[in-house]
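Down below is the structure, laid out as C-alpha cells.
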2 protein chains.
Amino acid sequence: MDQIDEKILELLGANGRMTSSEIGKHVHLSVPAVSERIRKLEEAQIIDKFTVRVNREQIGLHLLAFIMVQLEKPEHVAGFREMIAQTPSVRECHHIAGSYDYLLKVALKNTSELELLISEQIKRVEGVAKTNTMIVLSTMKEEM
Amino acid sequence: MDQIDEKILELLGANGRMTSSEIGKHVHLSVPAVSERIRKLEEAQIIDKFTVRVNREQIGLHLLAFIMVQLEKPEHVAGFREMIAQTPSVRECHHIAGSYDYLLKVALKNTSELELLISEQIKRVEGVAKTNTMIVLSTMKEEM
DNA sequence: GCTGAAAGACCGGGCCG
DNA sequence: CGGCCCGGTCTTTCAGC
C-alpha cells in the first residue's frame, strides 16, 4: 500500500471502469503490473467491491433524511435490526454513542413515504422510545 | 427505465465489473443490448459513475462520526463551505432542517484526529456557533 | 434487439533485474 | 520478489439487418 496504490484507488474511485492500460499511463506501470496491484487490493479487502453510484434524484427519490432513534432496552435491538435489514429505503444504519442509539439515513420519494416509514415501520417496532428526523435540504458533498 | 434496467442497476450495484454477457444471462438479453442499456443509463445520468468502494478500516480510518453544526448567520456559509470542500476527512455534508444547520459525516484515524478536526478546522470557521458529535460504534448497513 | 467480425483488454507462463 | 514481455482467450464495439 504505497503512493502508487493510493493513486490507483483514487483513479478507480473516479472511474471504476478505467482500464489497466489507462491507469498504467498515469502511474507509469505496465498493464500486468497494474492488474496485479488491483488484484492485491481486492485480496486485502482494501477494495471492498466495484459498484455503480446511482443518482437518487433521477430515480425519483427526491427526499433524503436522517433519523435518530432511541431504543428503550437492549432486548429490543434484534427486532429493530430485523426491520432495518428488510427496509430498502433505509440506506445506512449506524449504532451511535450519545443521547440516541441509532442514526439512519433514508432515501424516499416524498414526505408521505417518510410519514409511512416513521409511523408504520420504525415506531411500530417494539422498544422504539423516541425518534428525531432531520430533513436534508441540499447536499454539498457525498463520498464513501 | 423498465424492470430490466432496474435489474441491471441492481446487478451492477453488487458488482460494477460484471460483464455484459454475464448480465445478459440474468436478464435474457444479448451482449450489445445490455451494453446499449448501460450506455443509456449513463447518458441519462441515472448511473452517476462507476466506482470502487474502499474499506475504511483497512486503510486505517477506524473512527466514523457524525457532526451536527449550527451557524450563526447566513453570511458565514461561504467560509464554512470552503473549509468543507478542502477537508478530505469530511465525507458528506448535508444542509439540514432542524435545530442544527449542517450534518457532516467524517472518517478519521482516531479520536486525536477528531479533536483536531473539531477544534482546529470546524470551530475555527467564523460563525460556527455550536457543534454536536455522534461517534459511530458500529455500522449495520451502508449503501449509497 | 440480434448477429458477426475486428479491436482491444485480460490472464497465464516464462524471463529479467 | 516485483515488474515486464508475449502468447491465447474472452469482452467490447460497431455495422448491417
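- Nearest-nucleotide mapping onto DNA chain D: of A:Lys40 and A:Pro32, the residue sitting toward the 5' end is A:Lys40.
- Protein atom CE of A:Met18 is 13 Å distant from nucleotide atom P of C:dA9, rounded to whole Å.
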Evaluate A:Asp48 against B:Arg56 for salt bridge (Lys or Arg N to Asp or Glu O under 4.0 Å), listing each step before the verdict.
CA-CA 9 Å; A:Asp48 230 8; B:Arg56 285 188 295 265; over 6 Å; no
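- At distances below 3.5 Å, not a single donor-acceptor pair connects side-chain atoms of B:Glu6 with backbone N or O atoms of B:Met1.
- Between the CD1 atom of B:Ile23 and the P atom of C:dG1 there is a distance of 14 Å, rounded to whole Å.
- Evaluation of the side-chain hydrogen bond (donor to acceptor under 3.5 Å, both in side chains) rule for A:Glu43 yields A:Arg39 as partners, not counting sequence neighbours.
- Side-chain rings of A:Phe50 and B:Phe50 stay apart, their centers remaining 6.0 Å or farther from each other.
- Note that the first and last nucleotides of DNA chain D, 5' to 3', having any atom under 4.0 angstrom from a heavy atom of chain A are D:dG2 to D:dC5.
- Mapped onto DNA chain C by nearest heavy atom, B:Leu29 and B:Arg17 fall at different nucleotides, with B:Leu29 at the one closer to the 5' end.
- Both B:Leu114 and B:Val125 belong to a single network of hydrophobic side chains, linked directly or stepwise wherever heavy atoms of I, L, V, M, F, W or Y lie under 4.5 Å apart.
- When the side-chain nitrogen and oxygen atoms of B:Arg37 are compared with OP1 and OP2 of C:dG1, one or more of them lie within a distance under 4.0 Å.
- Of all the heavy atoms in B:Leu12 and B:Met18, the pair that sits closest is CD2-O, 4.3 Å.
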